[in-house]
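For reference, the structure discussed in these notes is given below.
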Number of protein chains: 2
Amino acid sequence: MPAIVSAKIENELRDGPEVSPELDALMRNARDASDFLKALSHESRLLLLCLLAERERSVTELENILSLRQASVSQQLARLRLEDLVTTRRDGKAIYYSLANDDVRRVISVIYDIFCEKDQKA
Amino acid sequence: MPAIVSAKIENELRDGPEVSPELDALMRNARDASDFLKALSHESRLLLLCLLAERERSVTELENILSLRQASVSQQLARLRLEDLVTTRRDGKAIYYSLANDDVRRVISVIYDIFCEKDQKA
DNA sequence: AATTCATATTCGCATACGATTATATATAGA
DNA sequence: TCTATATATAATCGTATGCGAATATGAATT
(Lines give C-alpha, C1' and ligand atoms only; values in the text may rest on other atoms or scores of the structure.)
Protein backbone atom coordinates (compact mmCIF):
# COMPACT_ATOMS: atom_id res chain seq x y z
CA MET A 1 0.00 0.00 0.00
CA PRO A 2 1.79 3.11 -1.22
CA ALA A 3 2.13 6.11 1.07
CA ILE A 4 0.94 8.35 -1.78
CA VAL A 5 -2.60 8.34 -0.47
CA SER A 6 -2.44 10.67 2.44
CA ALA A 7 0.61 12.60 1.29
CA LYS A 8 -1.32 14.02 -1.63
CA ILE A 9 -4.44 14.40 0.41
CA GLU A 10 -2.74 16.30 3.17
CA ASN A 11 -1.12 18.65 0.67
CA GLU A 12 -4.52 19.46 -0.70
CA LEU A 13 -5.79 20.03 2.80
CA ARG A 14 -3.51 23.02 3.23
CA ASP A 15 -5.00 24.62 0.13
CA GLY A 16 -8.46 24.81 1.61
CA PRO A 17 -11.54 22.90 2.52
CA GLU A 18 -12.38 21.83 -1.06
CA VAL A 19 -12.35 18.09 -1.60
CA SER A 20 -9.21 17.10 -3.48
CA PRO A 21 -9.43 14.84 -6.55
CA GLU A 22 -7.36 12.24 -4.74
CA LEU A 23 -9.61 12.21 -1.72
CA ASP A 24 -12.60 12.16 -4.00
CA ALA A 25 -11.28 9.08 -5.82
CA LEU A 26 -10.43 7.43 -2.53
CA MET A 27 -13.95 8.05 -1.29
CA ARG A 28 -15.50 6.56 -4.40
CA ASN A 29 -13.30 3.51 -4.01
CA ALA A 30 -14.26 3.26 -0.36
CA ARG A 31 -17.90 3.25 -1.34
CA ASP A 32 -17.36 0.47 -3.88
CA ALA A 33 -15.25 -1.49 -1.44
CA SER A 34 -17.78 -1.18 1.34
CA ASP A 35 -20.57 -2.36 -0.94
CA PHE A 36 -18.43 -5.34 -1.82
CA LEU A 37 -17.62 -6.04 1.83
CA LYS A 38 -21.23 -5.65 2.94
CA ALA A 39 -22.15 -8.44 0.60
CA LEU A 40 -19.52 -10.63 2.26
CA SER A 41 -20.33 -9.66 5.82
CA HIS A 42 -22.92 -12.24 6.62
CA GLU A 43 -22.48 -15.58 8.27
CA SER A 44 -24.41 -17.59 5.69
CA ARG A 45 -23.02 -15.73 2.73
CA LEU A 46 -19.47 -16.29 3.93
CA LEU A 47 -20.15 -19.98 4.28
CA LEU A 48 -21.68 -20.08 0.81
CA LEU A 49 -18.67 -18.34 -0.71
CA CYS A 50 -16.34 -20.58 1.21
CA LEU A 51 -17.99 -23.65 -0.26
CA LEU A 52 -18.05 -22.12 -3.73
CA ALA A 53 -14.36 -21.32 -3.44
CA GLU A 54 -13.73 -25.05 -3.76
CA ARG A 55 -16.00 -25.72 -6.71
CA GLU A 56 -19.34 -24.87 -8.21
CA ARG A 57 -22.41 -26.20 -6.43
CA SER A 58 -26.14 -26.34 -6.96
CA VAL A 59 -28.54 -24.52 -4.67
CA THR A 60 -29.81 -27.81 -3.26
CA GLU A 61 -26.28 -28.93 -2.42
CA LEU A 62 -25.73 -25.70 -0.55
CA GLU A 63 -29.03 -26.02 1.29
CA ASN A 64 -28.16 -29.51 2.45
CA ILE A 65 -24.61 -28.83 3.50
CA LEU A 66 -25.54 -25.78 5.53
CA SER A 67 -28.95 -27.04 6.68
CA LEU A 68 -30.53 -23.77 5.67
CA ARG A 69 -34.00 -23.16 4.29
CA GLN A 70 -34.41 -22.98 0.56
CA ALA A 71 -35.69 -19.41 0.57
CA SER A 72 -32.86 -18.27 2.76
CA VAL A 73 -30.14 -19.74 0.56
CA SER A 74 -31.79 -18.38 -2.54
CA GLN A 75 -32.08 -14.92 -1.05
CA GLN A 76 -28.46 -14.77 0.05
CA LEU A 77 -27.35 -16.04 -3.34
CA ALA A 78 -29.43 -13.31 -4.93
CA ARG A 79 -27.60 -10.79 -2.81
CA LEU A 80 -24.28 -12.21 -3.94
CA ARG A 81 -25.41 -12.13 -7.57
CA LEU A 82 -26.45 -8.50 -7.19
CA GLU A 83 -22.92 -7.59 -6.19
CA ASP A 84 -21.41 -9.80 -8.90
CA LEU A 85 -19.66 -12.06 -6.44
CA VAL A 86 -21.05 -15.22 -8.01
CA THR A 87 -22.14 -16.44 -11.41
CA THR A 88 -24.65 -19.08 -12.38
CA ARG A 89 -25.01 -21.83 -14.92
CA ARG A 90 -28.15 -23.80 -15.53
CA ASP A 91 -28.05 -27.55 -16.07
CA GLY A 92 -31.53 -29.01 -16.40
CA LYS A 93 -33.53 -28.12 -13.34
CA ALA A 94 -30.51 -27.29 -11.25
CA ILE A 95 -28.64 -24.03 -11.16
CA TYR A 96 -24.97 -24.14 -10.36
CA TYR A 97 -23.23 -21.29 -8.61
CA SER A 98 -19.55 -20.43 -8.60
CA LEU A 99 -17.31 -17.52 -7.67
CA ALA A 100 -17.50 -14.73 -10.23
CA ASN A 101 -13.92 -13.53 -10.22
CA ASP A 102 -10.53 -13.63 -8.65
CA ASP A 103 -11.06 -10.65 -6.39
CA VAL A 104 -13.65 -12.56 -4.40
CA ARG A 105 -11.38 -15.56 -4.29
CA ARG A 106 -8.50 -13.50 -2.93
CA VAL A 107 -10.56 -11.94 -0.18
CA ILE A 108 -12.20 -15.20 0.84
CA SER A 109 -8.80 -16.79 0.89
CA VAL A 110 -7.40 -14.19 3.29
CA ILE A 111 -10.45 -14.40 5.52
CA TYR A 112 -10.28 -18.18 5.54
CA ASP A 113 -6.64 -17.97 6.41
CA ILE A 114 -7.21 -15.62 9.33
CA PHE A 115 -10.28 -17.26 10.83
CA CYS A 116 -9.97 -20.93 9.93
CA GLU A 117 -6.29 -21.77 9.75
CA LYS A 118 -5.99 -21.07 13.46
CA ASP A 119 -8.00 -24.27 14.05
CA GLN A 120 -5.22 -26.29 12.43
CA LYS A 121 -2.60 -24.78 14.71
CA ALA A 122 -4.57 -25.31 17.90
CA MET B 1 -7.41 -22.82 1.18
CA PRO B 2 -7.32 -26.59 1.76
CA ALA B 3 -10.01 -28.81 0.25
CA ILE B 4 -10.39 -30.50 3.64
CA VAL B 5 -13.29 -28.29 4.56
CA SER B 6 -16.09 -29.70 2.53
CA ALA B 7 -14.62 -33.15 2.10
CA LYS B 8 -14.99 -33.81 5.80
CA ILE B 9 -18.30 -32.04 5.94
CA GLU B 10 -19.79 -34.01 3.10
CA ASN B 11 -18.71 -37.27 4.68
CA GLU B 12 -20.53 -36.34 7.81
CA LEU B 13 -23.59 -35.43 5.76
CA ARG B 14 -24.01 -39.04 4.68
CA ASP B 15 -24.15 -40.15 8.30
CA GLY B 16 -27.22 -38.12 9.05
CA PRO B 17 -28.60 -34.69 9.67
CA GLU B 18 -26.58 -34.00 12.85
CA VAL B 19 -24.23 -31.05 12.58
CA SER B 20 -20.68 -32.33 12.21
CA PRO B 21 -17.92 -30.93 14.42
CA GLU B 22 -16.16 -29.60 11.32
CA LEU B 23 -19.22 -27.79 10.08
CA ASP B 24 -19.82 -26.54 13.57
CA ALA B 25 -16.31 -25.08 13.76
CA LEU B 26 -16.68 -23.60 10.32
CA MET B 27 -19.91 -21.93 11.35
CA ARG B 28 -18.34 -20.45 14.46
CA ASN B 29 -15.50 -19.10 12.38
CA ALA B 30 -17.97 -17.68 9.87
CA ARG B 31 -19.71 -15.84 12.65
CA ASP B 32 -16.44 -14.36 13.91
CA ALA B 33 -15.36 -13.48 10.40
CA SER B 34 -18.65 -11.81 9.57
CA ASP B 35 -18.49 -9.74 12.75
CA PHE B 36 -15.03 -8.67 11.73
CA LEU B 37 -16.12 -7.87 8.20
CA LYS B 38 -19.21 -5.99 9.33
CA ALA B 39 -16.94 -3.66 11.23
CA LEU B 40 -14.99 -3.03 8.03
CA SER B 41 -17.98 -2.70 5.74
CA HIS B 42 -18.62 0.97 6.01
CA GLU B 43 -17.39 3.74 3.80
CA SER B 44 -16.06 5.96 6.59
CA ARG B 45 -14.61 3.13 8.60
CA LEU B 46 -12.73 1.84 5.57
CA LEU B 47 -11.29 5.28 4.98
CA LEU B 48 -10.31 5.55 8.62
CA LEU B 49 -8.56 2.20 8.55
CA CYS B 50 -6.90 3.08 5.29
CA LEU B 51 -5.43 6.23 6.83
CA LEU B 52 -4.42 4.36 9.98
CA ALA B 53 -2.70 1.74 7.85
CA GLU B 54 -0.07 4.37 7.08
CA ARG B 55 0.48 5.61 10.58
CA GLU B 56 -1.26 6.48 13.82
CA ARG B 57 -3.43 9.57 13.83
CA SER B 58 -5.39 11.65 16.28
CA VAL B 59 -9.15 11.92 16.08
CA THR B 60 -8.91 15.54 15.00
CA GLU B 61 -6.55 14.68 12.16
CA LEU B 62 -9.00 12.10 10.94
CA GLU B 63 -11.91 14.52 11.18
CA ASN B 64 -10.08 17.10 9.12
CA ILE B 65 -8.81 14.79 6.43
CA LEU B 66 -12.18 13.22 5.86
CA SER B 67 -14.26 16.33 6.57
CA LEU B 68 -16.49 14.35 8.87
CA ARG B 69 -18.25 15.50 12.00
CA GLN B 70 -16.58 14.87 15.31
CA ALA B 71 -19.35 12.67 16.65
CA SER B 72 -19.42 10.60 13.52
CA VAL B 73 -15.69 9.89 13.55
CA SER B 74 -15.75 9.12 17.24
CA GLN B 75 -18.67 6.73 16.84
CA GLN B 76 -17.07 4.85 13.97
CA LEU B 77 -13.82 4.63 15.89
CA ALA B 78 -15.77 3.26 18.83
CA ARG B 79 -17.19 0.59 16.56
CA LEU B 80 -13.69 -0.30 15.40
CA ARG B 81 -12.46 -0.42 18.99
CA LEU B 82 -15.33 -2.70 19.91
CA GLU B 83 -14.18 -5.22 17.34
CA ASP B 84 -10.53 -4.75 18.30
CA LEU B 85 -9.51 -3.43 14.93
CA VAL B 86 -7.77 -0.39 16.39
CA THR B 87 -5.93 0.56 19.55
CA THR B 88 -5.52 3.90 21.23
CA ARG B 89 -2.83 5.86 22.97
CA ARG B 90 -3.38 9.09 24.81
CA ASP B 91 -0.98 12.00 24.51
CA GLY B 92 -2.14 15.06 26.38
CA LYS B 93 -5.57 16.01 25.17
CA ALA B 94 -5.29 14.03 21.99
CA ILE B 95 -5.97 10.36 21.50
CA TYR B 96 -4.01 8.58 18.82
CA TYR B 97 -5.46 5.64 16.96
CA SER B 98 -3.64 2.92 15.08
CA LEU B 99 -4.35 -0.50 13.63
CA ALA B 100 -4.61 -3.14 16.32
CA ASN B 101 -3.04 -6.10 14.59
CA ASP B 102 -1.71 -7.61 11.43
CA ASP B 103 -4.94 -9.31 10.44
CA VAL B 104 -6.59 -5.95 9.88
CA ARG B 105 -3.56 -4.76 7.98
CA ARG B 106 -3.66 -7.77 5.69
CA VAL B 107 -7.32 -7.38 4.85
CA ILE B 108 -7.08 -3.63 4.32
CA SER B 109 -4.10 -4.22 2.13
CA VAL B 110 -5.98 -6.66 -0.13
CA ILE B 111 -9.00 -4.37 -0.31
CA TYR B 112 -6.79 -1.42 -1.12
CA ASP B 113 -5.10 -3.42 -3.80
CA ILE B 114 -8.37 -4.47 -5.42
CA PHE B 115 -10.21 -1.17 -5.27
CA CYS B 116 -7.48 1.46 -5.38
CA GLU B 117 -4.61 0.10 -7.42
CA LYS B 118 -6.85 0.06 -10.46
CA ASP B 119 -6.64 3.88 -10.44
CA GLN B 120 -2.89 3.70 -11.02
CA LYS B 121 -3.36 1.47 -14.05
CA ALA B 122 -6.07 3.60 -15.65
C1' DA C 1 -51.19 -30.29 -20.47
C1' DA C 2 -50.60 -31.65 -15.88
C1' DT C 3 -47.45 -32.63 -12.32
C1' DT C 4 -43.13 -32.42 -10.02
C1' DC C 5 -38.77 -30.71 -8.74
C1' DA C 6 -35.53 -26.77 -8.35
C1' DT C 7 -35.14 -22.13 -7.70
C1' DA C 8 -36.68 -17.33 -7.24
C1' DT C 9 -39.50 -13.61 -5.59
C1' DT C 10 -42.76 -11.12 -2.60
C1' DC C 11 -44.74 -9.55 1.73
C1' DG C 12 -44.92 -8.40 6.52
C1' DC C 13 -42.47 -7.76 10.50
C1' DA C 14 -38.81 -7.17 13.78
C1' DT C 15 -34.37 -5.65 14.48
C1' DA C 16 -29.93 -3.31 13.42
C1' DC C 17 -27.49 0.69 11.80
C1' DG C 18 -26.18 5.38 10.67
C1' DA C 19 -26.70 10.45 10.85
C1' DT C 20 -27.83 14.31 13.73
C1' DT C 21 -28.09 16.84 17.84
C1' DA C 22 -27.13 17.36 22.41
C1' DT C 23 -24.62 16.33 26.44
C1' DA C 24 -20.79 14.40 29.21
C1' DT C 25 -15.91 13.46 30.49
C1' DA C 26 -11.14 14.36 30.71
C1' DT C 27 -6.96 17.01 30.16
C1' DA C 28 -4.42 21.34 29.90
C1' DG C 29 -3.74 25.98 30.91
C1' DA C 30 -4.77 30.65 32.92
C1' DT D 1 -10.96 26.65 40.13
C1' DC D 2 -12.68 28.27 35.73
C1' DT D 3 -12.37 27.81 30.87
C1' DA D 4 -11.15 25.78 26.50
C1' DT D 5 -10.11 21.87 23.80
C1' DA D 6 -10.36 16.93 22.56
C1' DT D 7 -12.97 13.04 22.65
C1' DA D 8 -16.84 10.04 24.00
C1' DT D 9 -21.56 8.79 24.84
C1' DA D 10 -26.70 9.15 24.62
C1' DA D 11 -31.27 9.94 22.47
C1' DT D 12 -33.95 10.21 18.56
C1' DC D 13 -35.36 8.91 14.17
C1' DG D 14 -35.45 7.26 9.52
C1' DT D 15 -33.87 3.52 6.65
C1' DA D 16 -31.97 -0.86 5.52
C1' DT D 17 -31.67 -5.80 6.40
C1' DG D 18 -32.79 -10.43 7.49
C1' DC D 19 -36.19 -13.92 8.41
C1' DG D 20 -40.43 -16.74 7.82
C1' DA D 21 -44.36 -17.96 5.18
C1' DA D 22 -46.43 -17.98 1.05
C1' DT D 23 -46.46 -17.75 -3.84
C1' DA D 24 -44.46 -17.72 -8.49
C1' DT D 25 -41.53 -19.28 -12.35
C1' DG D 26 -39.40 -22.55 -15.20
C1' DA D 27 -37.54 -26.89 -16.75
C1' DA D 28 -38.36 -31.83 -17.01
C1' DT D 29 -41.22 -35.88 -16.98
C1' DT D 30 -45.46 -38.41 -17.56
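When reading the values below, keep in mind they use all heavy atoms of this one structure, side chains included, and skip hydrogens, waters and symmetry mates. We name chains A, B, ... by the order of the sequence lines, and we start the count at 1 in each one.
- Of all the heavy atoms in A/Y96 and A/S58, the pair that sits closest is CD2-N, 3.5 Å.
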For A/S41 and B/S41, run side chain to side chain donor-acceptor pair (under 3.5 Å): C-alpha distance rounded to whole Å, both residues' side-chain angles, the deciding distance at 0.1 Å, then the answer. CA-CA 7 Å; A/S41 309; B/S41 308; 2.6 Å; yes
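- A heavy atom closer than 4.0 Å to some atom of DNA chain D occurs in B/A71, B/S74, B/Q75, B/R81, these being the qualifying members of residues 71-84 of chain B.
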Polar atoms only, N or O, under 3.5 Å: list the protein pairs with nucleotides 26-30 of chain C and their distances.
none

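- Protein atom CD of B/E43 is 18 Å distant from nucleotide atom P of C/dC17, rounded to whole Å.
- A salt bridge is defined here as a Lys NZ or Arg NE, NH1 or NH2 lying under 4.0 Å from an Asp or Glu carboxylate O, and A/E43 with B/K38 fails to meet this definition.
- When all heavy atoms of A/V104 and A/N101 are compared, the pair lying nearest together is N-OD1, 3.0 Å.
- In plain terms, the two heavy atoms of A/T87 and A/A100 that are nearest each other are CG2-CB, 3.8 Å.
- At the heavy-atom level, B/S44 lies nowhere under 4.0 Å from the strands shown.
- Phosphate contact (OP1/OP2 of C/dA6, side-chain N/O of A/Y97, threshold under 4.0 Å): absent.
- The distance from atom CZ of B/R69 to atom P of C/dG18 is 17 Å, rounded to the nearest whole Å.
- Looking at every heavy atom in both residues, A/S44 comes nearest to A/Q76 through CB-CG, 4.4 Å.
- Within 6.0 Å of CZ on A/R31 lie no more than 12 heavy atoms contributed by other residues, nucleotides or ligands.
- A salt bridge links B/E61 with B/R55; the closest basic N to acidic carboxylate O contact falls under 4.0 Å.
- By the 6.0 Å contact criterion, CZ on A/R89 is enclosed, its count of non-hydrogen atoms from other residues, nucleotides or ligands being greater than 12.
- From B/L46, atom CG reaches atom CG of A/N29 across 10.5 Å, with rounding to the nearest 0.5 Å.
- Rounded to an integer number of Å, the gap from A/N64 CG to C/dT7 P is 10 Å.
- B/Y96 comes within 4.0 angstrom of no nucleic acid atom, judged by non-hydrogen atoms across all strands.
- The nucleotide range of DNA chain D contacted by chain A, defined by atoms under 4.0 angstrom from heavy atoms of the protein and reported 5' to 3', is D/dG18 to D/dA28.
- The existence of a salt bridge linking B/D32 and B/R28 is excluded, since no basic side-chain nitrogen approaches an acidic carboxylate oxygen closer than 4.0 Å.
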